[in-house]
Participant: 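Before I ask anything, let me first share the structure, which is written out below as structure tokens.
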Amino acid sequence: MQEQKERSRKDAQIYSSDWKEIIYNIETIFVGYDKTSVETKIIKYRQVEHKGKKIYHIVIEYTPFYAESGGQVGDCGYIYSEKEKIEVLNTIKENDLIIHITNQLPENIEATFIAIVDETIRNLTEKNHTATHLLHFALRKVLGNHVEQRGSLVHPDYLRFDFSHPQKMSDEELEQVELMVNEMIWNAISIDEKRHLPIEQAKQIGAIALFGEKYDDVVRVIKFGDSVELCGGTHVKNTATIGLLKIVSESAIAAGIRRVEAITYKKAWQYLQQNNNQLKEIKLLFNNPKDIKKAIQQNFDSSKLIQKKYEELLKEKLKYFKESLIKKQYKLNEYSIIAERIELENTDAIRDLVFQLKNQQENTIVLLACLLENKVHLALGLSDNLINQNKLNASILIKEIAKEINGGGGGQPFFATAGGTNISRINEALKKIDTLLSK
């Protein structure tokens, strides 16, 4: 709700010209509750600079276009005469003035026009707006009367509802809310609309006022069964036209404030159909078992067992490599060096092996090379005493070594890695450590 208001203000604030009056002392009459098209004339207009582009704000005598407010997005559509057709991109409200946003002005600004709302988009928006009322009602029934609206967005594609509640909703609560809303949809409840009702009378019949909203002495009340709210938005005539509601997310947006997002009508059906198709694909992967949950659990248990055996084999393999590499250790000046190529395609295992070897004794340097996905991988480790004495830095050394394989790398003083594409130069890269230590 607040987000929509902010957007309206931004659209309306950046002026490059004042209003140009065509018809004086006439205010817009909104007919959008009953009509989606009407004959009308332009009262006034202005040019607006918005994001570096020229757009126009047009005010008309009679309008079926709902201006965004109360969380509901503004209508779009057209105004047209016998000779031209102007697209209405959005409808906003500024100081109770209904403004139609367009990219162009009519050539004959004084002509008589037909203003027509895009009914497809309006109908989808109305479905989501009515569903928001039903959702609010269901949340209060399931969670308690402490639930109060803290914001909303009613869009043709989805709805978003923010409300006061101290904790995350459970899956059971979400299911209860969803079922309650859908039962109200399937029960085909007709709208009970009361216009120009004194606000005290509206409160007496249980109408819920929205948080942060200011109301006139005379209000409009929208009632669907036991759901009764003060509302200026547009709604379906019967809940059955909504078809279906599906909650797609529930989350926290602030302390004590939760957010529910939902979809309705065809979007909800498409969502369920997509999930059903994914389930079919998953079942196919498991040869269409009768109990897919059981099949997945069995596969998971089997995978855990295989992983455990793999880790045991890898441990044995690392033990073998470690013993083999220690035998190949050689002396260069004060250093004990291990510089070898190994057949091991697991970077974590290589790191583990380097750490085991480099701490066997002081002044130890370990450089291992292997092939991973047709690229050279290098890992260099230095014993702790070399780092403590500031004699060497693995990150600096690996960068020089990596040049031999047309690569680069880095890391920390005690351990660094590098990668490169020149496989033919692996042996030269391993020998490079001797050259660097001899300087």
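All residue numbers in this chain count up from 1 along the given sequence. Reckoned from all heavy atoms, side chains included, excluding hydrogens, waters and symmetry mates.
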Participant: Taking atom CD1 of I189 and atom CD1 of I191, what is their separation to the nearest 0.5 Å?
Facilitator: 11.5 Å
Participant: Could you tell me which residues satisfy salt bridge (Lys or Arg N to Asp or Glu O under 4.0 Å) with R122, sequence neighbours excluded, listed by chain and number?
Facilitator: D75, E126
Participant: Below 3.5 Å, can you tabulate the donor-acceptor pairs from side chains in residues 319-342 to any protein atom, sequence neighbours excluded?
Facilitator:
residue : atom : partner : partner atom : Å
Y330    : OH   : D434    : OD1          : 2.7
Y330    : OH   : D434    : OD2          : 3.2
K331    : NZ   : S336    : OG           : 3.0
E334    : OE1  : K391    : NZ           : 2.8
S336    : OG   : Q361    : NE2          : 2.9

Participant: Would you say the side chain of L135 lies within less than 4.5 Å of the side chain of L159, judging by non-hydrogen atoms?
Facilitator: yes
Participant: Stepwise, does the side-chain contact (heavy atoms from CB on, under 4.5 Å) test hold for L378 with I398?
Facilitator: CA-CA 8 Å; L378 299 174; I398 201 71; 4.0 Å; yes
Participant: Go through the steps to decide whether R160 and E261 satisfy the test salt bridge (Lys or Arg N to Asp or Glu O under 4.0 Å), and finish with yes or no.
Facilitator: CA-CA 4 Å; R160 190 178 71 207; E261 294 189 3; 5.1 Å; no
Participant: Among all residues two or more places apart in sequence or in another chain, which pass the ring-ring contact (aromatic ring centres under 6.0 Å, His included) test with Y78?
Facilitator: none
Participant: H100 and H57: aromatic ring centres closer than 6.0 Å?
Facilitator: no
Participant: Does the side chain of V366 reach to within under 4.5 Å of the side chain of L380, using non-hydrogen atoms?
Facilitator: no
Participant: Among R259, R258, Q149, find the residue that satisfies the side-chain hydrogen bond (donor to acceptor under 3.5 Å, both in side chains) test when tested with D162.
Facilitator: R259
Participant: Which heavy atom of N359 sits nearest a heavy atom of S383, and at what distance?
Facilitator: OD1-CA, 4.2 Å
Participant: For H133, check ring-ring contact (aromatic ring centres under 6.0 Å, His included) against everything at least two apart and list the hits.
Facilitator: H129, H235
Participant: When you measure from the side chain of N393 to the backbone of S395, do you find a donor-acceptor pair of N or O atoms at a distance under 3.5 Å?
Facilitator: yes
Participant: Without swapping roles, check the side chain of N123 against the backbone of E119 for a donor-acceptor pair under 3.5 Å.
Facilitator: yes
Participant: Within this structure, what is the CD1-CD1 distance for the pair I263 and I247, rounded to the nearest 0.5 Å?
Facilitator: 11.0 Å
Participant: With sequence neighbours excluded, what pairs up with K203 under the salt bridge (Lys or Arg N to Asp or Glu O under 4.0 Å) test?
Facilitator: none
Participant: Would the H136 and F161 ring centres measure less than 6.0 Å apart?
Facilitator: yes
Participant: Check the pair K93, E68 against salt bridge (Lys or Arg N to Asp or Glu O under 4.0 Å), reporting the backbone distance first and the verdict last.
Facilitator: CA-CA 7 Å; K93 188 176 286 188; E68 63 179 39; over 6 Å; no
Participant: Test side-chain contact (heavy atoms from CB on, under 4.5 Å) on I426 and L430 and set out the steps.
Facilitator: CA-CA 6 Å; I426 289 181; L430 292 170; 4.2 Å; yes
Participant: For V221 and A202, which heavy atoms make the closest approach, and how far apart are they?
Facilitator: CG2-CB, 3.6 Å
Participant: For F355, check side-chain contact (heavy atoms from CB on, under 4.5 Å) against everything at least two apart and list the hits.
Facilitator: R351, K358, F414, F415
Participant: How far does CE of M180 sit from CG of N182, to the nearest 0.5 angstrom?
Facilitator: 11.5 Å
Participant: Sequence neighbours left out, what passes salt bridge (Lys or Arg N to Asp or Glu O under 4.0 Å) with K223? Give chain and number order.
Facilitator: none
Participant: Is the side chain of S152 donor-acceptor paired with the backbone N or O of G71 at a distance under 3.5 Å, no angle test?
Facilitator: no
Participant: Are the side chain of T241 and the backbone N or O of N238 linked by a donor-acceptor pair below 3.5 Å?
Facilitator: yes
Participant: If we ignore hydrogens and angles and just use 3.5 Å, is the side chain of S164 paired with the main-chain N or O of H146 as donor and acceptor?
Facilitator: yes
Participant: Can you tell if the side chain of W19 reaches within under 4.5 Å of the side chain of L97, non-hydrogen atoms only?
Facilitator: yes
Participant: Could you please spell out the steps behind the side-chain hydrogen bond (donor to acceptor under 3.5 Å, both in side chains) verdict for Q72 and T234?
Facilitator: CA-CA 9 Å; Q72 179 175 335; T234 62; 2.9 Å; yes
Participant: Taking it one step at a time, do L437 and I365 satisfy side-chain contact (heavy atoms from CB on, under 4.5 Å)?
Facilitator: CA-CA 10 Å; L437 295 176; I365 299 169; 3.4 Å; yes
Participant: Going from OG1 on T130 to CD on E229, what distance comes out if it is rounded to the nearest 0.5 angstrom?
Facilitator: 10.5 Å
Participant: Is the shortest distance from a Lys or Arg side-chain nitrogen in K168 or E250 to a carboxylate oxygen in the other one below 4.0 Å?
Facilitator: yes
Participant: State whether the side chain of R425 and the backbone N or O of N406 hold a donor-acceptor pair below 3.5 Å, judged by distance alone.
Facilitator: no
Participant: Check ring-ring contact (aromatic ring centres under 6.0 Å, His included) between Y56 and all other residues, then give those that pass, not counting sequence neighbours.
Facilitator: none
Participant: Y66: what forms a ring-ring contact (aromatic ring centres under 6.0 Å, His included) with it, not counting sequence neighbours?
Facilitator: none
Participant: Under the side-chain contact (heavy atoms from CB on, under 4.5 Å) criterion, do V376 and L371 qualify, and how do the steps go?
Facilitator: CA-CA 5 Å; V376 182; L371 290 182; 4.1 Å; yes
Participant: Please table the atom pairs, donor to acceptor, closer than 3.5 Å between any side-chain atom in residues 299-315 and protein atoms at least two apart or in another chain.
Facilitator:
residue : atom : partner : partner atom : Å
D301    : OD1  : Q297    : NE2          : 3.0
S303    : OG   : N299    : O            : 2.9
Q307    : NE2  : E311    : OE2          : 3.1
Y310    : OH   : N346    : ND2          : 3.3

Participant: Sorted by first residue and then second, give each ring-ring contact (aromatic ring centres under 6.0 Å, His included) pair with at least one member in residues 378-410; sequence neighbours left out.
Facilitator: none
Participant: Could you label the plane-to-plane angle of the Y158 and H155 rings as parallel, tilted or perpendicular, counting under 30° as parallel and over 60° as perpendicular?
Facilitator: parallel
Participant: Grab the two heavy atoms, one from G419 and one from I405, that are nearest each other, plus how far apart they are.
Facilitator: C-CD1, 3.9 Å
Participant: Considering non-hydrogen atoms only, spot the tightest contact between A429 and L367 and give its length.
Facilitator: O-CD2, 3.8 Å
Participant: Nearest 0.5 angstrom please: S170 OG to E175 CD, how far?
Facilitator: 8.5 Å
Participant: So N277 and E281, side-chain hydrogen bond (donor to acceptor under 3.5 Å, both in side chains) or not? Walk me through it.
Facilitator: CA-CA 6 Å; N277 289 338; E281 291 173 2; over 6 Å; no
Participant: side-chain contact (heavy atoms from CB on, under 4.5 Å) with W269: which residues, sequence neighbours excluded?
Facilitator: Q273
Participant: Kindly say whether L245 contributes a backbone atom to a donor-acceptor pair with the side chain of T264 at under 3.5 angstrom?
Facilitator: no
Participant: Closest heavy-atom contact between P156 and L124?
Facilitator: O-CB, 3.5 Å
Participant: Which heavy atom of L382 sits nearest to which heavy atom of A394, and what is that distance?
Facilitator: CD1-N, 3.5 Å
Participant: For the OG atom of S249 and the CG atom of L174, what is their distance to the nearest 0.5 Å?
Facilitator: 9.5 Å
Participant: Taking side chain as C-beta onward, heavy atoms only, is T36 less than 4.5 Å from I116?
Facilitator: no
